[in-house]
Structures are given as C-alpha cells and as structure tokens.
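Structure first, commentary second.
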Amino acid sequence: MLDIKFIRENLELVKRNIELKNEKADLSNFSNLEETRRKIIQEVEQLKNERNQVTREIANLKKDGKDATSLIDNMKNVSDKIKELDDELRNIESEIYSITTKLPNMLSEKVPAGKSEEENVIIRYWGDKKSQPFKANHIEISKKLGIIDFERGAKVSGSGFSFYIGKGASLERALIQFMIDYHTQKHNYTEIWSPFMVNSASMFGTGQLPKMADDMYYSNADDMYLIPTAEVPLTNFHRDDTLKIEDLPKKICGYSPCFRRESGSYGKEVHGFLRVHQFNKVEMVNFSTPENSYNQLDILVSEAEDILKALEIPYRVVLLCSADTSFSSAITYDLEIWSAGEEKWLEVSSCSNFLDFQARRANIKFKRTPNSKPEFVHTLNGSGVATSRLYAAILENYLQNDGSVLIPNALKSYCGFDSINL
RNA sequence: GGAGAGGUGGCCGAGUGGCUUAAGGCAACGGUUUGCUAAACCGUCGUAGGGGUAACACUCUACCGGGGGUUCGAAUCCCCCCUUCUCCGCCA
C-alpha cells in the first residue's frame, strides 16, 4: 500500500508507475473522492465536537436535577446528521480503499523501463553450461529412472501434480533439508515452520489480495487460502508488531509447499516440472531498516546464489524490467539456472525489496529509540530456492553416459546415496 | 460439533449508561539529589486521521478484540463475527 498523502501529492508519478508496471488501475476519481472525504471529515468532526460539549451539559443538568429536554431534542437532529455524514464518509472511504489497495508499489529508480521479459537486464553469469552425454530433458530422465510419476499425479489430483518415488523422493527431501541448513548455519537465518493455509488478512498484508485472488486455491467453507509461497506466513508472522531496532535486520527462513492455480497460464512451459500447481520452496524473509534495505537485497541475492554455487549449477542473475516486476515489489532480481535438457534458463529464485509497501499493509513497524515514533520497516524476500526446477536441472546437468544421475557432492550426505541408477 | 468463562494502553489491572477527558501500578525515557550504582522525588510517556505551521507548537475527531445497532450520550446495553482458556464429543 502506498501512503495516501504520497498519492495525493504525486498523482502523476503514481500514474506513470502504473503504466511502467503494465498494471491497470483507475485514478481518475481519486482526487475528487479524496477532496470530498476531507470535506466531510471536517463537517462531521465539528458536529461531533458540538455533540460532545452538549452531552456534557446534559449530564451536568441531570446531575443537578434540572430539565434537559430541549437540549436533548436538539441533539437528536445533530445525531441524525452525524449518522448521515458518517454513512457517506464510510462509502467514500471504501471507494478510496478499493482504489488504493489495487495500486502497485512504486518502482525503484534502478529498474529499467521495459514491456516484457525481453527487456530484463542480465547482471552476471556463474558457472559453465554443461553438455549432456546424450540429449535428454528431466521428464525423459526421471521416467527412465522411475523416480517421478506425472501420470499418476494427474490421475490422483490433476495435471500439474506429481509423485516422487524412491530415491526421487529422497532427493527432493534432501534438497529442502540442505537449503534450510545452509541458510541457518551459514547465513544466520532463524528457521520457521509455518502454517500452509492463511486467512485473507495475511494475503492482503503481503499483497496477494485483492489482485491475485483467482490465482490461489481457496477454501470457501473456512475462508482460507493455500499459500502460494512461504513469504505470506513468514512476513505476516510480524503483522501488527513493532520490532526493536537492535533486532534488525531480522532474517527468517522456512520451507513450504507452494500452491498456485496459475489460471490462464496453460500453453507456456507447462510440461514436466516447469510450471506446476504444487512445488516446494525454501523462502528467506528479511525485515530491515529503510536505510539498509537495498544493501540487504544484495546480500539476499548472494545468499540464494550460494545454494546454486554449492550445488554447482550454472546460473545467471537477471534484473527484472518494469513490466516484469511484480505488484508489490520495488525491484526484483531473478536467479535463472541452466537447463541442459531444455537448453534454456529457468527461474528458481526471485529476490525482491518491497520497501514499506508490505509493512504498511501488514502494519509492521520498528522504533529507533524507546520513545521515538514508530516507522514502517522495509520487507524483503527471496526464494532460496524453489526445488522443482532445480530438481529438473540437477537431473539434466548431472546425467551420466549410462543414463544414471550423479548426486551433487553437497547433497550426498543428505541423500545417503551417490547416484540414482537405472 | 456442543457447553461455559474471558479479550481494556508496551505489560499488569480497575471500571454495569454521564464524577472516565480510561483510575492505579509496573516498565521505559528525561531531570533533581547522590563519591559510583541503587533508592527516592519531579516530569514525560499510545495509534490513526483532520485542521494548522516553513517546521515545531497548538487544536479537533476516532480508537477498550473486529463490525453493526440502541441512546442526547456506550469500555459499560443488544446483535453478528474473530480469538484465547476449560470441559465434553469426534479424530491422525
């Protein structure tokens, strides 16, 4: 959420930002509504002031046993008028609310203007692309090894769901464990195991609601959502909290399955693991002071990179252009790993600085000293990293001549085996 | 799912329609005193939104879990919801 005063004073900037992000938001009514709102506030608050004073007089008269009927009759009219204006105000505020809650975060100046992912900027590469002994993508490899069953996933749940079997399941579990250990032991994160269903207040806090409602699984009977990322429970962990400045930056990480309806996405990268309805991910979340958040973002990106380096998977870091930067984010770096089978780059991590956008929605503050005014923190998060595409890349990059797959060195102790054989 | 008891400022806690402009205490912060620490004493001490200001100051309104309602007036009365605890039922 943007500060309403900021919107009022920078309307043109906000409009330009909407265009840059390729979002749709109608601000044509905003100034009028906002002006009306303040006019009504002034009017109704003056009446309330009058009511408070006369109410005190009535109390005094009654205490002295005197008659107050004429004052009371008068106040009936004032009260009716207040009720009327309060209703009007409520309507206008809800109109303003429905506009402002749909306004995307302001982009950082560092974000290049651009209309599609073509205009993202590649920041750096790491590692050499491996060539396969024979050409095979992760679907072919995993079928041959019998470690993934996409068809049974479709039978039991639907397309976009799959079973992991035997060493295939172990590898997935090992990956999660490895990543959590890495972040807690080497990057000083506190591990959190969170709920995987959350209420709508939480979805609003991180910015999924109201815009992304159709992309999430929702249980109507419970008014709860399956989380699309652990960002939601982890960031909302501190909803309505005031943090101590000595605890900042506060770094928490956690595993969660991620559920995404991906409505309307069929036709693009849907086969195998590239786009699924349920996948696993370790998420890093950072609560920072405003002056530190960009610095923390650089650290966050490097922490996600460390995972890929440890697993020796070639990757590149990409700065997203304006239209590719999500609703809540001010700036986002993606990590893309090389898929030797698909021969393309696959996104496995998205690291963003949200500035105070989520903090304002979720009401997360900090105080500089015990007596100073609370300020909104800056929130950041990044995948560290998502497993399914990483899993695919491991199969494709570690494929051997005989069709077996070597386990990356860093994972061997977690798996308890060195390779997956035919 | 059923029954009952709760939810008041950072924390504890009083408050059953007007003497509340939320008592009192603790913690925190500033100061006085003091060889130092402590204690004592004095003061400050919520959030949001209007108005106002160059910025302060100042001022008004709202907020006692959330939302409605009754009333001239609601922390207090009524309705709905959320949540915590206790007990019962069901359950991996």
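The figures that follow rest on heavy atoms only: side chains count, while hydrogens, waters and symmetry mates do not. In what follows, every chain begins at residue 1, and chains take the letters A, B, ... in the order their sequences are listed.
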In plain terms, say whether [X] and [Y] are close enough for a salt bridge, that is, a side-chain N and a carboxylate O under 4.0 Å apart.
X: A/E375; Y: A/K367; answer: no
X: A/E23; Y: A/K211; answer: yes
X: A/R90; Y: A/E93; answer: no
X: A/E34; Y: A/R38; answer: yes
X: A/E151; Y: A/K143; answer: yes

* Asked: Within 45° of the axis and under 6.0 Å from the centre of the six-membered ring of A/F273, does NZ or CZ of A/R389 qualify?
  ->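 No, cation not above the ring by the 6.0 Å, 45° rule.
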* Is it the case that A/K365 places NZ or CZ above or below the six-membered ring of A/F376, under 6.0 angstrom from the centre and within 45 degrees of the axis? -> yes
Counting only Watson-Crick or G-U wobble pairs whose two distances fall under 3.5 Å, which nucleotide matches [N]?
N: B/A5; value: B/U84
N: B/C29; value: B/G43
N: B/G89; value: none
N: B/G18; value: B/C72
N: B/C58; value: B/G51

* Looking at residues 74-83 of chain A, who's got a heavy atom less than 4.0 Å off RNA chain B? ->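 Under 4.0 Å from RNA chain B: A/M75, A/K76, A/S79, A/K83.
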* Asked: Which of parallel (below 30°), tilted (30 to 60°) and perpendicular (above 60°) describes A/H187 and A/Y189?
  -> perpendicular
* Outermost nucleotides of RNA chain B that come under 4.0 Å of a non-hydrogen atom of chain A -> B/G18 to B/G73
